[in-house]
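Here is how names work: the chains are called A, B, and so on, in the same order as the sequence lines, proteins then strands, and each is numbered from 1.
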Amino acid sequence: METFQLLSGSGVHFNKSKYEKDVRLFTKAKPRAGHALRDDPSSHEIPAELDFFKYSRNTTGKRKYSSSSGQSVEKRRRIDEEDEEGDDVEEDLNEGSHRQKDSEVSPEKHRVTSKGRDIPEAVDTFEVLQEEYHIPSHIYQNLSKSGYKHPTSIQSHAVPIILKSRDLAAISPTGTGKTLSYLLPVMATLQAPISSIKDVTEFGVRALVIAPTRELAHQIHNECLKLAQGRKWRIVLFSKATAATLADKNVRDKVDVIISTPLRLVASLQAGSLDLRNVRHLILDEADRLLDAEFLSQIQELVAACSHPNVQKVVFSATLPAGAEKVAMDMLRDPIRVVVGLKDTPLPLIQQSLTYVADDQSKLPSLLTYFSKPYNPPVLVFTSTQPRASSLAEELTMNGIPNVDCLHAGMTKKERDDSVSRMRHGQCWILVSTEVMARGMDFKGVREVINYDFPTSIQSYVHRIGRTGRAGREGKAVTFFTDEDAPFLKSIANVILQAGQSVPDWILKLPKPSKMKRKAMGKVKRPEVVNNARKIGRQDAIKRRDMIAGSKRRKAKATGGATQRISEGVKNPRVEEGGSG
DNA sequence: AAAAAAC
């Protein structure tokens, strides 16, 4: 870390002979999983390596020295190969201006592509940002207090755009600082807390952040509080409890920012205990998730409720499939679209691999073997269903693997909070979870992600493995696949290729899944629990957990009106031409 | 394609 700061700090005073030793240390350590980089999990420092944008601007010695590292050569080789294939025409816009002759991080790989009218210029540093856009000094101080020193690419580009009150669709890889990209400009424009404003036309919530899971909303809330320190803004993490207090209009009108999941807002809106007419900034985090079938009608209702004529709408994600992008763009007004790197592509820092496990029965032994060898905790393990998450966590624990936790939405709020907390405090070594943890969660220490069950979409894959390799650290992602997963193997393999890594030849030679096979896939029943027939005596515990999860679901189905409609809609079989392809 | 998640 230290050497990195020397290299990426002020280039003007860089003294080669003085720091030569550090440089060597750095370049040697780098190819071997970057030991020099990952010693301080609490640091928010963004290594220059992650900072694609600044690479194309800086003209100091740093490029020269680090370009001698083995990894750089490797990266350049990969890029060359890709260029030969001539893929990806879409990302060609800004190429010329950002190109560097001897840059070790390829601008092709990480270039920033912006589309739209009158795009504000990107800013290189927080200092320039403060001078040009008059970021309030307390916010600026809170930034440095939290350890943010240099903006990442997406921050450099998105912050000025949001400060200029423009609508924005921002796509940037996992772990590249998207949250701060919207929180910083929104908080910077809030100015005085609403409670202190005498103007009677000013009332109620001024900024609204929507996220798909409670845990993510919670995490965004924490970030927001850090940024807001020293000011009397009311920043509310919306829950049943806080929603109740907002039923009082006097309380409600003194709220500056709400961070919430969609359905909670819809419920309050319909109960008449929430007024979004004064919202000036509406942010959708994990936008593609929020715009998919199950959430869409809720989001549309919320967007409609934010009826102020000057409401600014901003959407962020690491992935944005064409269908979701169209919905998003139709929602935005005169939008700017910013893409960092390649869309739907994981960071090259994540070492990805595919492991063949034949069938479901073979998964547990494979995982036990995996954990019998040295591994780097904490590890995140993904399963396809809640019962499988529960039972796998049990199996691992029974087999003597220490500090295994489980987290899925069938658990109580308290259980979920406790799991997250143990994870944040390093008490949990292996967290077995469902898709609920796939997006946005920032556990800085996560070194390894294991897809125990095959992800059900490319987006899911990209987000799941994006729980590691965050903020410039390296990470490792292992994906188990069985014979049944074969039809979808090739698309994941292509994602790995796109990230600049290799996959076995035979996978690439797999045929595209036929319609028949796809149909068959739909009929394959996933085993209910992990290794269900083998462990007698623990079945009761497993069943109990599953029953708890099941009863919660049934209860949910019985109560939620909006939910009911949506899930029915999903069950309707889709006609073939209806799909986006 | 398909489970999960949202109250």
Side-chain angles (χ1 to χ4, degrees), chain A residues 210-218 238-244 260-271 273-274 284-286 288-299 301-302 321 323 382-390 407-413 416 433-441 451 453-461 463-464 484-488 491-492 512-528 549-550 552-567 570-576 578-581:
Chain A
I210 307 179
T213 64
R214 275 189 213 151
E215 282 76 12
L216 184 52
H218 196 287
F238 217 41
S239 65
K240 210 166 205 168
T242 48
S260 177
T261 51
L263 203 50
R264 178 66 264 169
L265 288 165
V266 170
S268 290
L269 212 55
Q270 288 173 350
S273 58
L274 182 66
L284 303 187
D285 204 343
E286 305 298 345
D288 54 336
R289 176 75 186 90
L290 290 177
L291 294 173
D292 76 16
E294 297 86 343
F295 277 127
L296 184 58
S297 68
Q298 298 167 32
I299 296 299
E301 193 171 341
L302 294 170
F382 284 101
T383 66
S384 59
T385 68
Q386 295 179 1
R388 282 174 67 79
S390 301
L407 175 43
H408 59 68
M411 294 160 51
T412 65
K413 189 171 182 300
R416 290 169 69 167
S433 185
T434 61
E435 211 60 23
V436 71
M437 283 290 103
R439 284 174 177 258
M441 294 309 294
N451 286 317
D453 291 331
F454 208 70
T456 54
S457 71
I458 289 177
Q459 287 76 31
S460 163
Y461 178 76
H463 284 277
R464 281 181 179 189
E484 291 172 4
D485 300 320
F488 299 102
S491 46
I492 299 297
K512 272 190 179 173
S514 68
K515 259 184 194 160
M516 281 228 328
K517 247 187 175 164
R518 283 192 190 164
K519 234 177 178 176
M521 270 298 290
K523 285 177 192 158
V524 170
K525 217 174 68 193
R526 292 220 178 262
E528 291 251 307
K552 281 195 185 9
R553 309 214 115 232
R554 282 191 293 279
K555 209 167 128 197
K557 286 251 157 81
T559 52
T563 314
Q564 195 71 36
R565 279 200 305 280
I566 288 158
S567 37
V570 169
K571 272 176 206 148
N572 284 336
R574 285 202 173 166
V575 274
E576 296 224 344
S580 60

From the list A:Arg464, A:Arg388, A:Arg289, salt bridge (charged side-chain N to carboxylate O under 4.0 Å, His left out) partner of A:Glu435 resolves to A:Arg464
Heavy atoms under 4.0 Å, any strand shown: does A:Arg416 hit a base, just sugar-phosphate, or nothing? sugar-phosphate
Record whether the side chain of A:Arg388 comes under 3.5 Å of the base of B:dA3 through a donor-acceptor pair of N or O atoms.
no
So, is A:Thr213 close to the B:dA4 phosphate, meaning a side-chain N or O under 4.0 Å from OP1 or OP2?
no
Paired with A:Gln298, the side chain to side chain contact (heavy atoms under 4.5 Å, CB included) test is passed by just one of A:Thr261, A:Leu269, A:Val266, A:Leu290, namely A:Val266
Taken to the nearest whole Å, CG/A:Asp453 to P/B:dA4 is 10 Å
Item to complete: Quick one: label A:Arg214 by what it contacts on the DNA or RNA (base, sugar-phosphate, nothing), any heavy atom closer than 4.0 Å.
Response: sugar-phosphate
Taken to the nearest whole Å, CG/A:Leu407 to P/B:dA5 is 9 Å
A:Lys413 atom NZ is separated from B:dC7 atom P, nearest whole Å, by 9 Å
* Asked: Contact class for A:Ser457 vs. all strands (heavy atom < 4.0 Å): base, sugar-phosphate, or nothing?
  -> base
A:Glu294 atom CD is separated from B:dA2 atom C1', nearest whole Å, by 9 Å
From CD of A:Glu435 across to C1' of B:dA4 the rounded distance in Å is 7 Å
Whole-Å distance, A:Phe454 CZ to B:dA2 P, equals 15 Å
**Q.** Phosphate contact (B:dA3 OP1 or OP2) by A:Ser460 side-chain N/O below 4.0 Å
**A.** no
Residues at least two apart in sequence or cross-chain that pass salt bridge (Lys or Arg N to Asp or Glu O under 4.0 Å) with A:Arg439, listed by chain then number, are A:Glu286, A:Asp288
Atom CZ of A:Phe382 and atom P of B:dA4 are separated, to the nearest Å, by 14 Å
By side-chain contact (heavy atoms from CB on, under 4.5 Å), A:Lys413 pairs with (sequence neighbours left out) A:Arg214, A:Asp417
Polar side-chain atom of A:Ser268 near backbone of A:Ser273 as donor-acceptor pair, under 3.5 Å: no
**OP:** Give one of base, sugar-phosphate or nothing for A:Pro212, where a contact means two heavy atoms less than 4.0 Å apart.
**Re:** sugar-phosphate
Taken to the nearest whole Å, NE2/A:His218 to P/B:dA5 is 18 Å
